[in-house]
Amino acid sequence: MAQYGRIFMVSSRSVRPNSLVLCNLSAGFCNFVDSPELPHWFKYPESQKNYVDSDDFVLLSKLEFLEDSGTSWKADNCRLDYRRASHDKDDIDVDKICRILKLNFTSVEAVVEAFDGCNVNISEDLVNKIFKRYSNDWISAFGFFMWATMQVGYKHSPDSYDMMVDILGKSKEFEVMWRLVDDMVRLGGLVSLATITKVMRRLAGAGRWGDAITTFKRIDSFGIKKDTVAMNILLDTLCKERSVKHARDAFMEVKNEVPPNASSFNTLIHGWCKAQKLEEARRTMEEMVEFGFHPCVVTYTSLIEAYCLEKNFRMVDKILVEMRAHGCHPNVVTYTIIMHSLGKAKEIQEAFMVYEKMKADGCTPDTSFYNSLIYILCKVGRLRDANDIYEEMHKNGITPDITTFNTLISAACNHSQVENALKLLFSMQEIYCKPNIKTYSPLLKLCCKMKWVKILLYLLGHMFKQDISLDLSIYGLLVRGLCRNGKIVQSCLFFEEMVLKGFTPQQHTYNILIKELQRMNMDRAKMKIQKYMLQAESMKLPSFHPVDKHCSQ
DNA sequence: TGAAGTTTAA
């Protein structure tokens, strides 16, 4: 069973001590209320009633944050226990490694040293798990990588190498990244187009478009062929990383050496369309024709998207006519774009007409189309209709995906329909659809609003088990929410954790916490929080990049 | 993510 398959245990199963159980909501288990903090449908199993009024499952018993406890406040023995260690055999080594890495090393060498004599069974799976968990912490990831490299009998797989390259690129540690790539070249057989793709993507993502282009130009030196596929990746990367102009320049420079194909042009046209430069898009289309390629659905759909962005639906219709004249038919992607932007422009009736027209055209909706439809219905408050569409998907054999669930869960939470939201979370589990941070964040928000602290911490525990890390806004929400709900200690602990993770708490969040600590006369705790805030602000120096746009899950 | 579409706030 997948790891997240254990998230919610139903009451018929055996339950570990301290586990909460979310009941089968529709089955009417709602006959007792455990605590005023809990909604009526959320209950503990009979066998767990002892735990009902204790917060043991929330925090370790020693709460050293409390005033006058006389002990030092060490992160390690006063941590949030929602991240209870896993009991799976497979995860024991992961836990062991994480325990070492928790010490927040400041150099790669220190990490390598800390692992000296560490007895774990290294496997590719283990390495990749650690990389996933530490993808925002290059020192930990690279230190562990180096240590594993030195272990006799173990060799990293090409995939692990690529992941490491990507982590270094994401952290903008380009010198270290290049040294690793050079090693890979020297060792032989490790650099692939996938490696170079990651390198170019991370360079372009950091605004080093020229370096990305140079990498492509000397791609032979890595043992990779300089062909159309590689060129298209470069063009796409430059366009997606906000520089269609660099993409055009690079194209001009290499098009005589590397023969372009229709995709090369479509990539550039899409780049211009996203940048709202329609004249340039048209010009590229002409060039495409000169090269002997016909514009296709992809080409026209890009144009349509650009006009949709301008809400110029008359031009959208004109393009539809134009494309049909060229024997080119709109497909589900084209219809999704049109319907979605009509919906966003609050033209719901028109949006529905697109749906009808699409069906009349014999074009079948897919998951993304349904997701879009569900989204625009939720946006105007038509949750019932959205749910009907969800049912329709099932009937038509179209499987919902994470976006479907996230959209519906978020809408349910916005309308305080928590039961529905949690039912959807159960359904995800049933079809092995792994939730992400966006799945949980509306639920966490609602828990804060409704003062359901226990469910809140329970959900956090499950997020942690699935390696879903919290972001700045969730940390802020938790610090404020727990503070307002009388859980000042937990609030402080989350504040500490967010600073240690490299986030700078919002001033607003900080003020709320300090005010509450003052009100409670918790002077020592207040001083600690002030110290953490200073630490966070001092880390905001230019060279420090806690999280960039690629860091989200 | 990777030639086009879907989640994102008061």
Side-chain angles (χ1 to χ4, degrees), chain A residues 193-194 196-198 200-202 204-205 228-241 244 247 251 260-274 281 284-285 288 293 295-306 308-309 319 323 328 330-344 351 354 358 363 365-379 386 389 393 398 400-414 424 435-442 445 449 471-474 476-477 506 508 549-550 552-553:
Chain A
L193 183 56
I196 300 302
T197 302
K198 291 190 157 80
M200 294 193 302
R201 196 181 99 183
R202 291 306 181 184
T228 310
V229 175
M231 179 184 71
N232 288 353
I233 290 171
L234 171 72
L235 298 180
D236 187 57
T237 299
L238 294 168
C239 288
K240 298 252 163 73
E241 301 301 344
V244 58
F251 180 67
N261 61 14
S263 298
S264 320
F265 290 100
N266 282 333
T267 304
L268 289 168
I269 291 165
H270 182 235
W272 289 120
C273 288
K274 280 277 187 193
T284 311
M285 232 166 117
M288 180 179 187
F293 299 109
C296 64
V297 224
V298 177
T299 327
Y300 289 112
T301 301
S302 293
L303 289 180
I304 286 176
E305 192 186 7
C308 280
L309 240 49
I319 304 285
M323 68 190 284
C328 194
N331 64 16
V332 64
V333 178
T334 324
Y335 284 119
T336 307
I337 291 168
I338 302 172
M339 183 192 62
H340 192 80
S341 50
L342 282 167
K344 274 199 155 166
V354 173
M358 180 179 91
C363 177
D366 63 5
T367 304
S368 292
F369 180 87
Y370 277 123
N371 288 348
S372 192
L373 186 53
I374 287 171
Y375 173 77
I376 62 177
L377 285 168
C378 289
K379 213 46 188 185
I389 296 294
M393 287 178 82
I398 308 291
D401 64 8
I402 187 154
T403 305
T404 322
F405 287 109
N406 288 1
T407 308
L408 285 167
I409 288 173
S410 157
C413 288
N414 286 335
L424 287 158
N436 62 17
I437 183 136
K438 287 172 188 152
T439 316
Y440 287 99
S441 81
K445 270 183 201 164
K449 195 177 127 196
D471 60 21
L472 175 69
S473 72
I474 296 294
L477 177 93
Q506 307 96 319
H508 173 59
K549 69 195 172 71
H550 295 295
S552 50
Q553 288 279 319

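Just so it is clear: chains get the letters A, B, ... in the order the sequence lines come, proteins before strands, and each one is counted from 1. Here the structure is a predicted model, which is why all the values come from computation and not from measurement.
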Taken to the nearest whole Å, CD1/A:Ile409 to C1'/B:dA9 is 18 Å
How far does the C1' atom of B:dA9 sit from the matching atom of B:dG5, given to the nearest Å?
23 Å
Rounded to whole Å, CG of A:Asn266 lies from P of B:dG2 at a distance of 16 Å
*asked:* Tell me whether the side-chain N/O atoms of A:Lys198 come closer than 4.0 Å to OP1 or OP2 in B:dT1.
replied: no
The nucleotide from B:dG5, B:dT7, B:dA3 with an atom nearest the side chain of A:Tyr375 is B:dT7
Among the nucleotides B:dG5, B:dG2, B:dT7, whichever has the atom closest to the side chain of A:Arg201 is B:dG2
Between CG of A:Leu234 and P of B:dA3 the distance, given in whole Å, is 13 Å
When rounded to whole Å, the CG to P distance for the pair A:Leu472 and B:dA9 reads 16 Å
Quantified in whole Å, what is the P atom distance between nucleotide B:dG2 and nucleotide B:dT6?
14 Å
A:Ile398 atom CD1 is separated from B:dT6 atom P, nearest whole Å, by 18 Å
Against the side chain of A:Lys379, the closest entry in B:dT6, B:dA9, B:dG5 is B:dA9
* Asked: Touch check for A:Lys445, heavy atoms < 4.0 angstrom, all strands: base, sugar-phosphate only, or nothing?
  -> nothing
Hits for ring-ring contact (aromatic ring centres under 6.0 Å, His included) against A:His340, two or more places apart or cross-chain, chain-then-number order -> A:Tyr375
| query | Is A:Thr407 side chain donor-acceptor paired with the B:dT7 base, going by distance under 3.5 Å alone? | reply | no
Rounded to whole Å, CG of A:Leu235 lies from C1' of B:dT1 at a distance of 17 Å
Using a 4.5 Å cut-off on heavy atoms from C-beta on, say whether the side chain of A:Pro400 contacts that of A:Thr367. no
On a whole-Å scale, what distance lies between the P atoms belonging to B:dT7 and B:dT1? 15 Å
Below 3.5 Å, does any donor atom in the side chain of A:Asn261 face an acceptor in the base of B:dA3, or the other way round? no
Is the phosphate of B:dG5, meaning OP1 or OP2, less than 4.0 Å from a side-chain N or O of A:His270?
yes
| said: Does B:dG5 have its OP1 or OP2 closer than 4.0 Å to a side-chain nitrogen or oxygen of A:Lys344? | reply: no
Polar pair under 3.5 Å, donor/acceptor by atom type, side chain A:Asp366, base B:dG5: yes
Looking only at B:dT7, B:dG5, B:dA3, the nucleotide nearest the A:Phe369 side chain is B:dG5
Taking B:dG5, B:dT6, B:dT7 as options, the one with an atom nearest any side-chain atom of A:Asn371 is B:dT6
(Q) Once you apply a heavy-atom cut-off of 4.0 Å, does A:Ser410 come out as touching a base, just sugar-phosphate, or nothing? (A) sugar-phosphate
Sequence neighbours excluded, the answer for ring-ring contact (aromatic ring centres under 6.0 Å, His included) partners of A:Tyr335 is none
Find out whether A:Leu408 and A:Thr404 are in side-chain contact, i.e. whether some heavy atom of one side chain is under 4.5 Å from a heavy atom of the other.
-> yes
Checklist entry - For A:Lys274 and B:dG5, is the shortest distance between a side-chain N/O and OP1 or OP2 below 4.0 Å? => result yes
Taking B:dG2, B:dA3, B:dT6 as options, the one with an atom nearest any side-chain atom of A:Lys240 is B:dG2
Task: Derivation of the side-chain contact (heavy atoms from CB on, under 4.5 Å) call for A:Asn436 and A:Asn406 - done: CA-CA 9 Å; A:Asn436 62 17; A:Asn406 288 1; 3.1 Å; yes
Are the side chains of A:Lys274 and A:Lys240 in contact, using a 4.5 Å heavy-atom criterion?
no
